[in-house]
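These notes concern the structure reproduced below.
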Amino acid sequence: MRYYETVVIIHPALEGGLLKDNIVEIQKLAEQKGGDLKNTEVWGRKKLAYLIDKQKYGTYTMLQFTGDGVKINEMNVELEHNPNVLAYMTIKINKTEMKEQTADLDTQIDGQSSSSPEADEVNIAVATEIEEEIPDVGVKYIQKILEEEDEDIVAGNELEAKLSDDPEAEEDKEN
Amino acid sequence: MAFISQRKICPFCENSEMVINYKEYKVLRKFLTEQGKIIPGFVTGVCSNHQRHLTRAIKQSRNIALLPFSTDYRDI
C-alpha cells in the first residue's frame, strides 16, 4: 500500500453545485481506482501561471488517498478524458505528509469564494513586484542616456567656445 | 581561511522551518530568475542535497501551473 496525492485543476466556469458534483465524481474515481480516500482540500480559485485551454483561472483541489500503482494509471486516464479537468498531477508521498480532513466539502466550497480574492491578491502582488522592477531599470537607463547627452552637450559647448575664440570662425560668422 | 568564510550558508540547512514542497510556490519563486529559470545552487548558496529536492519541487509546481515554465517580461 502506497500513499498518493492528486492535484486537479477544475474549469473556472464551474461554481457551487456543479463544482461540488465534479469534485464528488473525482472522489468516487479515487476510491474506485485507489483505495481509502483520506483527505480532500479545496484550495479555491487561483490565477494560473500560464494559460491552459485558453483559461486564465482554475479551481484547485487536492485529494490524498492510498492505493496501488497500476490502478493509479487508470485513474489518470479517466482524468485525462474529463473535459472539466484542465490539468492534474498524481505524485507519491510519505505517510507523514498525509493530513486528516478538517472541514466538510460544502464548507470548503463556500469558503473558497470568500478566500479567492486573497489568492488573487497574491498573484497581483507578484505582478506588481515585477512591474515595479522594470520601471527602475527603465529610469536608470534613461538617466544614463541623459547623462551621456549632458556630456555631449558640454562637449559641444566647449567646441563652440573654442570655435568662437578662433578669429577665423568669427570671420566666417560675420560673412 | 578566508575562502571558507566567504561561502554562503544553505537557507534550508540553516532554517528547518523552510520546507521544500511544490505547494509552497512563494518560497520556490525566490529560486527562479525573472524569466522563470532555476537559479544554480552556487549562486543562491543552496547545498547540493537541497538543490536536488528544490528542482524536483519547482518542476512539479510548474506542471500544475503554480509556477511558470517561462515568462517574457516584455509581455507584462
Side-chain angles (χ1 to χ4, degrees), chain A residues 4-12 39 41-64 76 79 85-94 96-99 118-119 121-138, chain B residues 6 8-76:
Chain A
Y4 292 98
E5 195 175 79
T6 301
V7 179
V8 180
I9 307 173
I10 299 170
H11 201 280
N39 185 17
E41 275 180 28
V42 181
W43 296 353
R45 197 176 144 101
K46 280 176 184 285
K47 195 175 182 184
L48 305 176
Y50 49 87
L51 298 183
I52 306 176
D53 294 350
K54 300 180 184 175
Q55 297 299 323
K56 272 187 181 180
Y57 295 87
T59 311
Y60 281 74
T61 312
M62 188 192 71
L63 312 169
Q64 288 184 333
N76 285 345
L79 288 173
V85 174
L86 296 182
Y88 66 93
M89 185 180 71
T90 307
I91 58 164
K92 198 180 81 180
I93 55 168
N94 295 326
T96 52
E97 289 175 74
M98 297 286 280
K99 290 175 193 168
E118 291 176 13
E121 272 175 24
V122 171
N123 284 312
I124 290 161
V126 170
T128 48
E129 272 175 26
I130 295 162
E131 275 173 11
E132 280 166 12
E133 279 169 15
I134 295 160
D136 280 346
V137 173
Chain B
Q6 282 175 2
K8 289 175 190 170
I9 302 164
C10 172
F12 297 103
C13 293
E14 201 180 17
N15 188 2
S16 60
E17 288 175 4
M18 277 176 82
V19 185
I20 301 175
N21 196 333
Y22 72 95
K23 290 171 217 163
E24 314 223 352
Y25 59 97
K26 285 172 211 164
V27 176
L28 300 178
R29 196 180 276 275
K30 291 175 188 171
F31 299 94
L32 295 177
T33 63
E34 258 183 48
Q35 290 178 313
K37 291 180 172 185
I38 301 172
I39 303 173
F42 69 85
V43 178
T44 53
V46 180
C47 69
S48 55
N49 189 14
H50 280 128
Q51 183 71 19
R52 283 199 295 277
H53 292 290
L54 192 70
T55 46
R56 177 181 287 179
I58 288 170
K59 285 170 184 179
Q60 282 174 344
S61 55
R62 274 176 184 169
N63 231 339
I64 50 166
L66 291 175
L67 289 178
F69 281 101
S70 67
T71 44
D72 194 345
Y73 65 87
R74 288 171 295 187
D75 293 343
I76 298 167

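Numbered from 1 within each chain, the chains take letters A, B, ... in sequence-line order. Not measured: the values here are computed from a predicted model. These values consider heavy atoms only, across backbone and side chains, with no hydrogens, waters or symmetry-generated copies.
Heavy atoms of A:I91 lying under 4.5 Å from chain B belong exclusively to its side chain.
Considering every non-hydrogen atom in both A:A49 and B:P68, the closest pair reads CB-N, 3.5 Å.
Legend: residues meeting side chain to side chain donor-acceptor pair (under 3.5 Å) with A:E5, ordered by chain and number and at least two apart, are A:Q64, B:Y22, B:K23. Under the side-chain contact (heavy atoms from CB on, under 4.5 Å) criterion, B:C47 pairs with B:C10, B:C13, B:N49, B:H50, not counting sequence neighbours. Partners of B:I39 according to the side-chain contact (heavy atoms from CB on, under 4.5 Å) rule, which considers only residues two or more places apart in sequence or in another chain, are B:T33, B:V43, B:T44.
When the heavy atoms of residues 54-67 of chain B are compared with those of chain A, the residues falling under 4.5 Å are B:Q60, B:R62, B:N63, B:I64, B:A65, B:L66, B:L67, listed by number.
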